[in-house]
Number of protein chains: 2
Amino acid sequence: MIDAVTIWEVKVQLGELCKQQRQRYKISQEDLAQELGLSRYTIQKFENGKNATLDTVLKIANHFNLLEKLYQALKNLENTNDINSLY
Amino acid sequence: MIDAVTIWEVKVQLGELCKQQRQRYKISQEDLAQELGLSRYTIQKFENGKNATLDTVLKIANHFNLLEKLYQALKNLENTNDINSLY
DNA sequence: TATATTTGTGTATTATAATAAACCATATAA
DNA sequence: TTATATGGTTTATTATAATACACAAATATA
């Protein structure tokens, strides 16, 4: 059994993804916050792996055009019968 | 431009996925809440598409062995350079 | 260098997710 | 039928995410 991924690691990864996408489009935390109607502090905390609400996460995902992809991934999981469909 | 997926739809889909997985393993909302250290009301609201915290969502995902899959999906997004890598 | 911008951090307040406890309707089992 | 279990809902309280400031430390730009 390989090391299981932890909730903490997923949150860190989510934050890093946000930071990476944001920097790719060369916008500041302040800019992103403004465009999403959030405070910069909320973006700041999210990018540093802190807890957040689903609305915050999905607003950010939507801004970087990742919502459709997420939705389809969820649809696929629904059709996946087995727990570990690895093969 | 095809209909864009909304944040609301993703939350509904997340809730349905939880409900579906839970029923597949024949456990009640109460059971799931107990096992995750959450209240039944939190599960109830999440399954009905209400807002929730990332911790709640990830606890549920982890319980149904979906955390690793999510983590890998995020890693893949990080390597995806273009916004719409459709081709 | 100096200046501006961005990020990280702190504090107080507000908004709201989470909890705990009930209650009712429905479904399932005895 | 009568119990039992489950899901949906309400109310009150608690915990905490989000906000709005401020300020310092980096980072980039002139």
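Residue numbers begin at 1 in each chain, while the letters A, B, ... track the order of the sequences.
Separating the CG atom of B:N48 from the C1' atom of C:dA18 is a distance of 16 Å, rounded to the nearest angstrom. Distance CG (A:D55) to P (D:dA18): 9 Å, rounded to an integer number of Å. Separating the CZ atom of B:F46 from the P atom of C:dA18 is a distance of 10 Å, rounded to the nearest angstrom. Atoms CG (A:N51) and P (C:dT16) sit 17 Å apart, rounded to a whole Å. Per the geometry, NZ belonging to A:K19 stands 10 Å off P belonging to D:dT27, to the nearest Å. For the pair A:Q34 CD and D:dT19 C1', the interatomic distance rounds to 13 Å; values are reported in whole Å. Protein atom CD of A:E47 is 10 Å distant from nucleotide atom C1' of C:dT7, rounded to whole Å. Atom CD of B:Q23 and atom P of D:dA5 are 19 Å apart (whole Å).
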Set out, line by line, the N/O atom pairs under 3.5 Å between protein and nucleotides 19-22 of chain C.
residue: C:dT19; atom: OP1; partner: B:G37; partner atom: O; Å: 3.3
residue: C:dT19; atom: OP2; partner: B:S39; partner atom: N; Å: 2.8
residue: C:dT19; atom: OP2; partner: B:S39; partner atom: OG; Å: 2.9
residue: C:dT19; atom: OP2; partner: B:T42; partner atom: OG1; Å: 2.3

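The heavy-atom pair separating B:Y71 from A:E9 by the smallest distance is CE1-O, 3.8 Å. Heavy-atom minimum distance, A:K50 versus A:K11: O-CD, 4.2 Å. Residues A:T6 and B:L67 share a closest heavy-atom pair of C-CD2, 3.8 Å. Between A:F64 and A:C18, the shortest heavy-atom distance links the atoms CE1-O, 4.2 Å.
Distances shown here put a side-chain N or O of A:R22 below 4.0 Å from the OP1 or OP2 atom of C:dT7. Taking side-chain N and O atoms only, B:Q44 has no distance below 4.0 Å to OP1 or OP2 of D:dG7. Using a 4.0 Å cut-off, some side-chain N or O of B:T53 falls inside it from OP1 or OP2 of C:dA18. Between A:Q29 and C:dG8 there is a side-chain polar atom (N or O) within less than 4.0 angstrom of OP1 or OP2.
When each of A:Q20, A:K19, A:R22 is paired with A:E47, the side chain to side chain donor-acceptor pair (under 3.5 Å) condition holds for A:R22 and for no other. A side chain to side chain donor-acceptor pair (under 3.5 Å) with A:Q72 is found for one member of A:K75, A:E68, A:K69 and no other, namely A:E68.
In terms of modelled atom types and a separation under 3.5 Å, the side chain of B:N51 and the main chain of A:D55 share a donor-acceptor contact.
Residue-level contact check: B:K26 touches neither bases nor backbone, having no heavy atom under 4.0 Å from any strand.
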